[in-house]
Amino acid sequence: MEPQVTSKEIFEPSEHQHIRYNPLRDEWILVSAHRMKRPWKGQVEKPTEVNIARHDPTNPLCPGATRANGEVNSEYESTYVFDNDFPSLQPDAPDPGYRRCELLEAQFRPGIAIIILCKVMCFHPHSDITLPLMSIPEIRAVIDKWAELMVELGSKYQWVQIFENKGAMMGCSNPHPHCQVWASTFLPNEPRLADQTQRDHYNSHRVPMLLEYAKLESQKKERIVVENEDWLVVVPYWAMWPFQTLLLPRRHILRLQDLSDKERDSLASIMKRLLTKYDNLFEVSFPYSMGWHGAPTGQSILDDNSHWQLHAHYYPPLLRSATIRKFMVGYELLAQAQRDLTAEQAAERLRNLPEVHYKLKQNQQEK
Ligand code: H2U
């Protein structure tokens with residue numbers, strides 16, 4: 001016999017457990033916000049800030065430095081892109097071909113060679129700066145370079161994944177501001193799933209899922225962190241990570257390269273505002289993994305991709321302080337994702353934070 005609901009209390013999402021549906025991944029998240037009330041005896045203090053040199057000639061990502069393969073970087077003054085010297089693919093590795101025997105399958109699309117091209121893109125010549133501390137024109141240069149790489153690599157590769165791992169906590173090996181770009185001849189799992197769920201939604205509603213979602217969020221206003229004329233950032237209803245956000249355009253846009261001049265400027269502005277709030281939350285350079293998802297490219301460019309909507313995911317691991325992170329362990333690994341504070345509570349905390357970076361405020365006070 002199934003357990004029966006016996007409570008006479010009125011349901012409050014911030015008080016009572018419930019499950020929320022993630023339509024992009026077709027999965028459920030357990031929300032148990034009452035757990036935030038449990039006593040916390042763990043660490044809360046801030047780690048001491050490490051001083052990063054503005055220029056270190058031995059750092060392979062700096063202008064003029066020599067990289068692992070002996071190549072010397074140019075004396076770049078804005079963004080700088082180079083082929084990763086430690087790519088996840090060896091260019092001359094033998095093709096496994098298509099193999100299938102019962103439960104052992106290699107190469108999910110027969111006849112399509114698995115090729116991945118890995119690039120590193122530096123955002124700025126200085127190592128002691130991060131995106132929220134860069135100027136709007138400097139961030140705009142990053143966006144323009146992203147769009148350029150999407151066109152260049154998208155002409156050949158079906159999926160171009162732009163992603164930034166920020167902070168040692170996210171496995172980033174170098175503090176110099178940079179992201180990576182991996183282009184592949186196949187759709188990796190996450191975009192393959194997002195392609196399917198968005199396609200299913202479009203087929204039954206005739207409107208792109210994330211366009212409809214952005215409209216809903218901009219009416220409800222409960223989960224918005226920052227917004228402007230062209231963009232909005234929400235803690236999605238189905239967020240897994242405590243301060244996870246979703247960056248969405250207000251109009252239907254397939255890919256980064258389709259953004260207008262004005263939309264690129266407003267994107268630079270909203271990124272700066274969001275990332276400043278992130279840093280201000282625990283007064284630390286906020287770690288995260290972020291990445292762009294847009295309509296597939298390569299041989300898919302001529303297909304009807306109306307179901308796609310460009311968006312960026314930000315997945316930060318921190319929960320309670322600059323050092324206390326959320327772990328996706330026990331229940332998450334073995335059953336399903338679970339979160340303590342609700343998406344609405346996380347959005348409210350981020351929304352109420354100042355838009356002046358704490359480091360700039362400190363500098364002003366010291367003067
Ligand atoms: P991450 O710290 O986010 O991994 O980025 C640094 C990247 O830079 C990493 O992928 C590459 C590493 O392979 N790299 C080079 O391509 N050449 C070097 O000389 C050092 C680092």
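FYI, the numbering just counts along the sequence from 1. Whatever order the structure lists ligands and atoms in, that order sets their numbers, starting from 1. Remember, it's a predicted structure, so these values are computed and weren't measured experimentally.
From the protein, the heavy atom lying nearest to atom 3 (O) of ligand 1 is H178 NE2, 3.0 Å. Protein heavy atom closest to atom 13 (O) of ligand 1, with residue, atom name and distance, is N84 OD1, 2.6 Å. Among protein heavy atoms, the minimum distance from atom 17 (N) of ligand 1 is reached at D85 OD2, 2.6 Å.
Closest heavy-atom contact between D26 and Y21: OD1-OH, 2.6 Å. K166 approaches C172 most closely through the heavy-atom pair C-CB, 4.3 Å. Annotation for R251 and D258: closest pair NH2-O, 3.3 Å, computed over non-hydrogen atoms.
Ligand 1 places these atoms under 4.0 Å from at least one heavy atom of P60: 18 (C), 19 (O), 20 (C). Within ligand 1, counting atoms from 1 as listed, the ones closer than 4.0 Å to a heavy atom of R67 are 19 (O). Which parts of ligand 1 touch F82 is read off a 4.0 Å heavy-atom cut-off, strictly below it: atoms 15 (C), 16 (O).
Checked against a 3.5 angstrom limit, the closest N/O atoms of S173 and ligand 1 fall inside it. Taking distance alone, with nitrogen or oxygen atoms compared against 3.5 Å, Q180 approaches ligand 1 more closely than that limit.
Within the 4.0 Å heavy-atom criterion, both parts of A68, backbone and side chain, lie near ligand 1. For V120, every heavy-atom contact with ligand 1 shorter than 4.0 Å involves the side chain, none the backbone.
The residue from D279, L360, I139 that alone fulfils the side chain to side chain contact (heavy atoms under 4.5 Å, CB included) condition with P132 is D279.
L232 and L247 fall into different hydrophobic clusters, defined by Ile, Leu, Val, Met, Phe, Trp and Tyr side-chain heavy atoms under 4.5 Å apart, directly or through other members.
Atom SG of residue C62 and atom CG of residue N73 lie 8.5 Å apart, to the nearest 0.5 angstrom.
Defined by atom type and a distance below 3.5 Å, a donor-acceptor pair is present between the side-chain atoms of Y288 and E164.
Of the candidates N174, N69, L61, L61 brings a heavy atom nearest to atom 21 (C) of ligand 1.
Ring centroids of H293 and W159 are separated by less than 6.0 Å, placing the two rings close together.
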